[in-house]
Amino acid sequence: MTQQGATLQNYNNELVKCIEDLREKREEVNRSIAKDEEEKAKIQNDLRILTERLARINDNLARKISSRNEYDKTIQETEAAYSKIMESSQTLLHVLKRESVNLTKKKQAST
């Protein structure tokens, strides 16, 4: 029976060692899970910060684009008005020159 007892004791020792090995492996997996969860939390926080930053940038960008569009509209309207002023000035100059020539002709005719 001592042989059977020794064999049983060896089985018991091996069983205890296997259980300890499984517990160590479980603990390794547990540490890995904890590390991954920590990294996940950090990434989620970074993502939240970046999402907020993106929203602020999009708002600023929208305001700036609207402002630029207003500048474009004002410039376009001003250039159109200036062009009309230039045309009117040219027309006025031609009329003035023609009237000046006519006045000179009348003056010469009356002398």
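As the structure is a prediction and not an experimental result, all values here were calculated from the model.
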Contacts table for residues 77-93: side-chain donor-acceptor under 3.5 angstrom, sequence neighbours left out:
| from | atom 1 | to | atom 2 | distance (Å) |
| --- | --- | --- | --- | --- |
| T78 | OG1 | T74 | O | 2.7 |
| S88 | OG | K84 | O | 3.0 |
| S89 | OG | I85 | O | 3.0 |
| T91 | OG1 | E87 | O | 2.9 |

| request: Would you mind listing the cluster partners of L15? Hydrophobic ones only (ILVMFWY), side-chain contacts under 4.5 Å, chaining allowed. | output: I19
| query | So how far is it from K105 NZ to L103 CG, rounded to the nearest 0.5 Å? | reply | 11.5 Å
| query | Can you list the residues that meet the side-chain contact (heavy atoms from CB on, under 4.5 Å) rule with D72, with sequence neighbours excluded? | reply | R68, N69
| task | List the steps, then state whether side-chain hydrogen bond (donor to acceptor under 3.5 Å, both in side chains) holds for N13 with Q9. | result | CA-CA 6 Å; N13 289 343; Q9 184 61 37; 3.1 Å; yes
| query | Does the side chain of I49 reach to within under 4.5 Å of the side chain of N45, using non-hydrogen atoms? | reply | yes
Output side-chain donor-acceptor pairs under 3.5 Å for residues 20-41, partner residues at least two apart or in another chain, one line each.
| from | atom 1 | to | atom 2 | distance (Å) |
| --- | --- | --- | --- | --- |
| D21 | OD2 | K17 | NZ | 3.4 |

| message | Checking D59 now: which residues fulfil salt bridge (charged side-chain N to carboxylate O under 4.0 Å, His left out) with it, not counting sequence neighbours? | response | none
| Residues forming a salt bridge (charged side-chain N to carboxylate O under 4.0 Å, His left out) with E52, sequence neighbours excluded | R48
| field | Rounded distance [0.5 Å steps], NZ in K64 versus OH in Y71 | value | 12.5 Å
| task | Determine yes or no for a side-chain-to-main-chain donor-acceptor pair under 3.5 angstrom, with S100 supplying the side chain and L96 the backbone. | result | no
| query | Hydrophobic cluster mates of V95, side-chain heavy atoms under 4.5 angstrom, ILVMFWY only, any path? | reply | none
| task | For L47, check side-chain contact (heavy atoms from CB on, under 4.5 Å) against everything at least two apart and list the hits. | result | T51
| message | Run the side-chain contact (heavy atoms from CB on, under 4.5 Å) test against N58 and tell me which residues pass, sequence neighbours left out. | response | L54
